[in-house]
Amino acid sequence: MEQQRLAYLLQRLADNSITGEEHNEMMTHLHAHPGDDLSAEAGEAFLAANEHIPTDFTPYEHIARDIAGLDRMPARRTGWLAMLNPRKVAAAAIILIAGYGIYTLLRKPADKPQLVQRVDILPGREGAILTRGDGSTVVLDSVTSGEMTEHNGARLKVQQGHVSYANATASNTENIYNTITTPNAGTFHLLLQDGTEIWLNAGSSVTYPVVFTGNERKVKITGEAYFEVAKAAGKPFLVNVNDRAEVEVLGTHFNVNAYADEAAIKTALLEGAIRVRSKEARTAVLKPGQQAVIDKAEMKVEPADAEEVSARRNGLFHFRKATVPEMMREVARWYDVEVRFEGAVPERTFSGDIERTLSLQQVLTILRVTRINYTIDNQKQITIRN
């Protein structure tokens, strides 16, 4: 069982929303693996995030010992039980072994009635809107697989989550520029006429010619996109980034993160060579494993995190010492929710990979290791309290 699954089950237990099947799944794992590292991490995260566990439960320790067999355990405990003080050992035993029945009896009554959070939001999916050069629009996630014809005669193939212009030719000299836009909670894959592939993240767009003509290939993006650029001798590939920077490519794999709500534009290179120019005429030539960071009028080159660059394509949130606001911006885009902070912004960080296929509630449950307190309302708003 993965740590994030176990953490999710523990939180379901705490919320009194765990099903009988889920409870059996959790108990089977805990009985079979009483001291493994995953149980240690998930158990500690759960206890740290749930401060409503009674602090004085001495009268119940004998229950915990009878159930968990603590009196028969060796003096040196293993796993996460070994890292907790005796009271938390008993609390953990009651919660994890006795199950939700005893847990309900031991919960400290709240001063005011608390509503159980039942709101949950599914993760993003493949989908985008195609805006043609004449202003007409097509919702691509509602189009069945097939072919479409552009106004200049070029044909494109449409499949779920994917549009291909490969080998498209125009029947007249008019060059048409299209735009594909992903909403929040949407991703899309585009194959351009020259063989270049673009993966758009949520809340992003790319404007491109249906057929490349002339001696350069130029596109424009907003948000975040991962590129695998096809080589074409004598035809450099140029990416306009939010009208704030330009990336010149000769054949390479790279990622551009240029969301409007992020302070800096980041261009990370995995393979090949690119030249990055900022609006202020600053220039940097990147080698594989480097990234250019443009923050206001400054540009710096630093090591790139290859795992971060490929994480979204691999279906992951990739956090490395990420602050709570940084994490919440990614969560907001992927689940199409609004995040607001009530009071001081929590000064905590989180490192780890989380599957983007999880629901919003599952992701937030995992992030509770940072001891954030949150509520979700029916208007798809997350409120974070310190």
Side-chain angles (χ1 to χ4, degrees), residues 124-183 186-202 204-241 246-256 267-274 309-310 312-315:
R125 59 188 180 88
E126 295 172 332
I129 296 173
L130 168 65
T131 303
R132 292 184 165 124
D134 64 355
S136 62
T137 60
V138 180
V139 180
L140 293 173
D141 42 328
S142 66
V143 176
T144 56
S145 298
E147 288 193 350
M148 298 172 60
T149 303
E150 297 292 348
H151 293 287
N152 64 348
R155 300 185 68 80
L156 65 150
K157 293 183 179 180
V158 182
Q159 296 176 312
Q160 184 176 4
H162 177 79
V163 161
S164 172
Y165 291 84
N167 303 316
T169 58
S171 60
N172 60 56
T173 58
E174 181 186 7
N175 202 2
I176 304 297
Y177 278 80
N178 286 353
T179 299
I180 287 181
T181 304
T182 55
T187 61
F188 210 74
H189 177 207
L190 171 64
L191 177 61
L192 297 179
Q193 176 257 345
D194 68 334
T196 292
E197 295 185 80
I198 304 174
W199 286 263
L200 288 176
N201 197 13
S204 304
S205 73
V206 57
T207 299
Y208 56 93
V210 173
V211 177
F212 287 108
T213 60
N215 56 9
E216 70 177 17
R217 299 168 291 166
K218 193 166 187 176
V219 302
K220 179 179 180 179
I221 72 157
T222 64
E224 183 174 25
Y226 178 84
F227 290 80
E228 292 188 358
V229 177
K231 294 182 179 179
K235 283 191 172 185
F237 195 96
L238 305 174
V239 182
N240 178 315
V241 183
E246 183 178 76
V247 179
E248 181 181 353
V249 186
L250 299 175
T252 189
H253 299 179
F254 68 100
N255 190 82
V256 179
T267 304
L269 177 65
L270 292 186
E271 180 182 311
I274 58 176
V309 173
S310 58
R312 292 167 190 80
R313 277 192 60 203
N314 295 331

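Values in this document were obtained by computation on a predicted structure and should not be read as measured data. Computed over heavy atoms, backbone and side chain alike; hydrogens, waters and symmetry mates excluded. Position 1 is the first residue of the sequence, and the numbers go up from there.
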May I have the step-by-step check of side-chain contact (heavy atoms from CB on, under 4.5 Å) for Val219 and Leu192, ending in yes or no? CA-CA 10 Å; Val219 302; Leu192 297 179; 4.2 Å; yes
Checking Val163 against Leu140 for the side-chain contact (heavy atoms from CB on, under 4.5 Å) test, could you report, in this order, the C-alpha distance in whole Å, the side-chain angles of both residues, the deciding distance, and whether it holds? CA-CA 9 Å; Val163 161; Leu140 293 173; 3.8 Å; yes
side-chain contact (heavy atoms from CB on, under 4.5 Å) assessment of Leu130 paired with Phe188: CA-CA 11 Å; Leu130 168 65; Phe188 210 74; over 6 Å; no
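By the 4.5 Å heavy-atom criterion applied to side chains, Val138 and Arg132 are counted as neighbours. Looking at heavy atoms from C-beta onward, Asn201 lies in side-chain contact with Thr187 at the 4.5 angstrom threshold. Contact check for Glu197 versus Leu191: side-chain heavy atoms found under the 4.5 Å cut-off.
Scored by the side chain to side chain contact (heavy atoms under 4.5 Å, CB included) test, Asn314 finds Ser310 as partners (sequence neighbours excluded). Every residue was checked against the ring pair (Phe, Tyr, Trp, His ring centres under 6.0 Å) condition with His253, not counting sequence neighbours, and none meets it. With sequence neighbours left out, Thr196 forms a side chain to side chain donor-acceptor pair (under 3.5 Å) with Asp194. Scored by the ring pair (Phe, Tyr, Trp, His ring centres under 6.0 Å) test, Tyr208 finds Tyr165 as partners (sequence neighbours excluded). When the side chain to side chain donor-acceptor pair (under 3.5 Å) test is applied to Thr207, the partners found at least two apart in sequence or on another chain are Thr179. Contacts of Arg312 classified as salt bridge (Lys or Arg N to Asp or Glu O under 4.0 Å), with partners at least two apart in sequence or in another chain: Glu224, Glu330. Listed by chain and number, the residues in a salt bridge (Lys or Arg N to Asp or Glu O under 4.0 Å) with Lys157 amount to none (sequence neighbours excluded). Here Ser205 pairs with Thr222 under the side chain to side chain donor-acceptor pair (under 3.5 Å) rule; sequence neighbours left out. Taking the side chain to side chain contact (heavy atoms under 4.5 Å, CB included) definition, one finds that Ala273 meets it with nothing, sequence neighbours left out. Legend: residues meeting side chain to side chain contact (heavy atoms under 4.5 Å, CB included) with Ala225, ordered by chain and number and at least two apart, are Ile198, Leu200, Ile221, Phe227. Partners of Glu248 by side chain to side chain contact (heavy atoms under 4.5 Å, CB included), not counting sequence neighbours, listed by chain and number: Pro236, Leu238, Arg275, Arg277.
Although no hydrogens or angles enter the test, the distance criterion places a donor-acceptor pair under 3.5 Å between the side chain of Asn178 and the main chain of Gly133.
Rounding to the nearest 0.5 angstrom, the gap separating the OH atom in Tyr226 from the NE2 atom in His189 is 10.5 Å. Taking OG1 from Thr267 and CD from Glu246, the interatomic distance works out to 11.5 Å, rounded to the nearest 0.5 Å.
A pairwise comparison of heavy atoms in Lys218 and Phe212 identifies N-CE2, 3.8 Å as the closest pair. Between Gly195 and Ala230, the shortest heavy-atom distance links the atoms C-CB, 3.8 Å. Across every non-hydrogen atom of Ala128 and Pro183, the tightest pair is CA-CD, 4.3 Å.
Contacts classified as salt bridge (charged side-chain N to carboxylate O under 4.0 Å, His left out) and involving residues 228-237 (residues at least two apart or in different chains) are given here: Glu228-Arg313.
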